[in-house]
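Treat the numbers as computed from the prediction; the structure is a model and nothing was measured.
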2 protein chains.
Amino acid sequence: MGVLEKVRPGRARAWIDTLPLDTILMRDCIEAMASLPDKCVDLIFADPPYNLQLGGDLNRPDGSHVDAVTDDWDKFDSLAAYDAFTRAWLTEARRILKDDGSIWVIGSYHNIFKVGSAIQDLGFWILNDIVWRKANPMPNFKGTRFTNAHETLIWASKGEKAKYTFNYRTMKTLNDELQMRSDWEFPICGGQERLKKDGHKVHPTQKPEALLYRVLLASTKPGDVVLDPFFGTGTTGAVAKRLGRHWIGIEREPGYVEAASERIAAALPLDESALTTMQAGKAAPRVAFGTLVENGYLTPGQKLTDARRRHHAVVRADGSLAAPDGQAGSIHKLGALLQGAPSCNGWSFWHYEDANGLKPIDALRQTWLLATQP
Amino acid sequence: MGVLEKVRPGRARAWIDTLPLDTILMRDCIEAMASLPDKCVDLIFADPPYNLQLGGDLNRPDGSHVDAVTDDWDKFDSLAAYDAFTRAWLTEARRILKDDGSIWVIGSYHNIFKVGSAIQDLGFWILNDIVWRKANPMPNFKGTRFTNAHETLIWASKGEKAKYTFNYRTMKTLNDELQMRSDWEFPICGGQERLKKDGHKVHPTQKPEALLYRVLLASTKPGDVVLDPFFGTGTTGAVAKRLGRHWIGIEREPGYVEAASERIAAALPLDESALTTMQAGKAAPRVAFGTLVENGYLTPGQKLTDARRRHHAVVRADGSLAAPDGQAGSIHKLGALLQGAPSCNGWSFWHYEDANGLKPIDALRQTWLLATQP
DNA sequence: CACCAGTGTGAATCCGAGT
DNA sequence: AACTCGGATTCACACTGGT
């Protein structure tokens, strides 16, 4: 069975066809989001502007325009205006995000604290902050500070209790069987990947595809809808297409839209087998312990122990276990009881003995799965 | 002439003797700061409560219990209450900071965005955000998020145009003649360094001395006054004493004050020669000898010799060496100078003495590599 | 003394489907 | 919405005790 077919089959897809999927909306970011329905996207990736020369975006809450940043008063004023801008687009983003979706925002120390503070105030629940360590950062030429060698990403769910997608096993596989950490190292975007026109870079802050690749692979499933409200030259769209995710881009500048369109048109989607391969460690169907007893993989009356033979139990006909002292329960419950532990995975705790020694009963489950799954 | 007398001779020192130098004020942090005069400290290092908002208990996969931060000092009624607390202590901190001083605050994603936002709103000017990459972070036991493997420090001056101390050359020397980056790697505080009482850790969040060492070495000069408004077990004080800086600690909990007092009393100040750091324009070490110093493999002030004990030198705090005749430089340069040779491999030339006799410092490098490389 | 196996632990917002 | 219970889930060090 392929990955694409089996994910999220029960999701309401009634209006998904009305969404401007896999297209760029060439409009103001807040206006464009306002045109989308509530709770319609699975993921938002945002790379908002952070220099204080925001042009039309940078207006005071009363609508008046903020002029150049020159003295302290203007600085304070523009900081407040940046706050207002940030809260405005995040509010729209929150409205169109599904309840089980999540949002990523990338920034530097110039803006990320304002962004993170607003994210918390609006009710999002921060899941991680991620550090992108630049393998080849620009040096600090004047020698006045530390080399600014990283950017920060914030990953947040819609609320404290909200569900969200995290492909734990995929990330662990990607990281050589160690848990993926919160610090990621990538080179900055350059070489062939960097979009250029007439010898000049098209966009000043084009993000590396590897970064988006990891973001989307970690927090979306195939077929999900990914929105990027500051699309730029479309890195998010290119990677989404490659990974079999739908995307919606919002970008006001015609030059960026043109570059992004060409770039995404040329991007090749991975075929399903490639996507399946990367989804290592897919969830196995649940197997009841009793099924193994029913099918003769274990016999009622058979003795089980833990790996160090400190605890013992006997298999009963109904798939429960009984300890010598009379305590009984499921493989998990009895394992927890005997250890005095809050919980226990009975599949790895309990062992049975065969000609080659002790083996976890999970081995029997695997045998059963191999024999019964296509 | 001692260090304290010769630095910053032009500075007004009229009231410095009235400051509670090198002592711990056992009071509420804001009250204690309110008792200090305007513009009286050169550096503030703050490790405020993170407002972790932890839920129920957490157990490791093996069933053992995670000893979490459950102290009352980390509990706040709401996000707004934490905001108010943050702005209150930062306001006092700003008042007592000299105009050419700077402030460091460390935090995690739970609080750092609130802190950074407040820092900007109060008129501080962020110079860098620094990432402390933990070499050995606690894993994410439930597989629900990325391993939270870093904390963030914000470094800010008092305003956009304000002067501040940054020992660029010292940092570059410490980092193998490469500019020091904004991402730093240190192990979490454990082992012998971790303060314990009756077998239990004294403080749940003791910071590693290596971290403070780099902070103070980067942004203060000998004789400066360093204030830590959340002193805890006094890492800041211990390192300040070691580096010849004055310190003022503020800590409300008597248990922490007692532990900090004992610890700092036992800390040894470095010899003055070890504190004289490389001046701008001096020569270039080619290896990260400074890392060994920073991590305690070698101590500033420690003596090195060549294999035949014909030449001698003293390790300095920034990873350079000083000979008895006043010549100084990297391990390679000083080795060459003393021998009258065109070049020298300092790693094999310089030796340190331990219980088993002389060993080349390269052995320490190998130990470090073994301890830090995968 | 060296080496190995076993144990303990660190600023952590740490489950989720089914009833 | 609250509750039950099946079952999935850990990395780097430091320290201890035995061979």
Side-chain angles (χ1 to χ4, degrees), chain A residues 100 120 124-129 156-157 159-161 163-164 166 168-169 172 175 177-182 281 283-284 286-290 307-308 319 329-336 342-350 361-362 365, chain B residues 47-71 73-76 79 82 106-112 132 134-152 187-194 196 199-201 203-208 230 232 356 370-372 374:
Chain A
D100 60 355
Q120 290 182 298
F124 290 104
W125 194 248
I126 297 179
L127 299 167
N128 280 112
D129 61 335
S157 68
E160 179 175 2
K161 308 290 185 187
K163 286 195 254 186
Y164 57 92
F166 178 53
Y168 172 77
R169 175 52 63 181
K172 190 168 177 177
N175 195 41
E177 286 307 306
L178 288 179
Q179 284 190 341
M180 188 69 81
R181 296 168 41 117
S182 58
R286 286 163 73 123
V287 177
F289 180 68
R308 296 179 197 166
S330 72
I331 55 172
H332 314 293
K333 190 169 183 176
L334 187 63
S343 66
C344 168
N345 182 345
W347 290 111
S348 52
F349 178 73
W350 292 109
I361 57 176
D362 191 49
R365 179 169 64 161
Chain B
D47 182 10
Y50 288 7
N51 189 26
L52 286 182
Q53 301 178 256
L54 301 179
D57 284 357
L58 179 63
N59 294 291
R60 298 184 179 81
D62 66 5
S64 62
H65 184 254
V66 174
D67 186 15
V69 178
T70 54
D71 308 69
W73 50 254
D74 196 47
K75 294 195 182 347
F76 293 84
L79 207 54
Y82 187 78
I106 184 169
S108 67
Y109 68 83
H110 309 83
N111 72 323
I112 199 65
W132 168 27
K134 300 182 182 183
N136 49 348
M138 192 187 312
N140 181 292
F141 297 117
K142 303 296 186 189
T144 56
R145 304 179 177 189
F146 297 98
T147 303
N148 197 2
H150 74 276
E151 296 190 21
T152 301
I188 58 178
C189 182
Q192 295 296 327
E193 187 184 329
R194 188 84 189 209
K196 298 201 175 162
H200 295 83
K201 57 189 177 191
H203 194 285
T205 70
Q206 186 181 339
K207 295 293 177 289
F230 305 96
N356 301 319
L370 283 173
T372 55

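In this model, the phosphate group of D:dT9 is not approached by any side-chain N or O of A:Gln179 to a distance below 4.0 Å at OP1 or OP2. Contact check, A:His332 against D:dG6: no side-chain N or O comes under 4.0 Å of OP1 or OP2.
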What does the list of N/O pairs under 3.5 Å between the protein and nucleotides 4-9 of chain C look like, with a distance for each?
unit_1: C:dT7; atom_1: OP1; unit_2: A:Arg308; atom_2: NH1; d: 3.0
unit_1: C:dT7; atom_1: OP1; unit_2: A:Arg310; atom_2: NH2; d: 3.3
unit_1: C:dT7; atom_1: OP2; unit_2: A:Arg308; atom_2: NH1; d: 2.9
unit_1: C:dT7; atom_1: OP2; unit_2: A:Arg308; atom_2: NH2; d: 2.7

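The number of heavy atoms from other shown groups lying within 6.0 Å of NZ (A:Lys333) does not exceed 12. More than 12 heavy atoms of other residues, nucleotides or ligands sit less than 6.0 Å from atom CD of A:Glu177.
One can place CG of B:Asp71 at 12 Å from P of C:dA12, the figure rounded to the nearest angstrom. The distance from atom NZ of A:Lys172 to atom P of D:dA8 is 14 Å, rounded to the nearest whole Å. The interatomic distance linking A:Arg365 (CZ) with D:dG7 (C1') rounds to 8 Å, in whole Å. Computed from coordinates, the A:Phe166 CZ to C:dA12 C1' distance equals 14 Å when rounded to whole Å. Rounding to whole angstrom units, CD1 of residue A:Ile361 and P of D:dG6 are separated by 13 Å. Distance CD (B:Glu193) to P (D:dC13): 15 Å, rounded to an integer number of Å. Summarising the geometry, the separation between NZ on A:Lys333 and P on D:dC5 is reported as 6 Å, rounded to the nearest angstrom.
Distance noted for atom C1' between C:dA12 and D:dT9: 14 Å (whole Å). Comparing the C1' positions of D:dG18 and C:dC1 gives a spacing of 14 Å, expressed to the nearest Å. When the P atom is used for both C:dG10 and D:dA8, the distance is 29 Å, rounded to whole Å. Taking atom P in both D:dG7 and C:dC14, the straight-line distance is 23 Å, to the nearest Å.
The nucleotide D:dA8 finds no pairing partner, because no Watson-Crick or G-U wobble arrangement with both distances shorter than 3.5 Å includes it. Checking C:dC3 for Watson-Crick or G-U wobble geometry (two distances, each under 3.5 Å) identifies D:dG18 as its partner. Nucleotide C:dC14 forms no Watson-Crick or G-U wobble pair with any nucleotide shown, as no partner meets the under 3.5 Å limit on both distances.
Side-chain atoms of B:Thr152 do not come within 3.5 Å of backbone N or O of B:Ser108 as any donor-acceptor pair. In this structure, the side chain of A:Ser157 does not engage the main chain of A:Lys163 through any donor-acceptor pair within 3.5 Å. With hydrogens and angles disregarded, a donor-acceptor distance shorter than 3.5 Å links the side chain of B:Asp74 to the backbone of B:Asn51. Between the side chain of B:Gln53 and the main chain of B:His110, no donor-acceptor pair closer than 3.5 Å is present.
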Report task. Any chance you could list the contact pattern along nucleotides 14-19 of chain C? Use B for base contacts, S for sugar-phosphate-only contacts and - for none, protein heavy atoms under 4.0 Å, 5' to 3'. Result -> BS-S--
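Contact annotation for B:Ser108: no contact, since no heavy-atom pair falls under 4.0 Å across all strands.
Taking only side-chain atoms of A:Asn345, from C-beta outward, the nucleotide of D:dA8, D:dC13, C:dG10 with the closest atom is D:dA8. For B:His110, the listed nucleotide lying nearest its side chain is C:dA12; candidates were D:dC15, D:dT9, C:dA12.
Taking the six-membered ring where the residue is Trp, B:His203 and B:Trp73 present parallel rings, their angle staying beneath 30° rather than reaching 60°.
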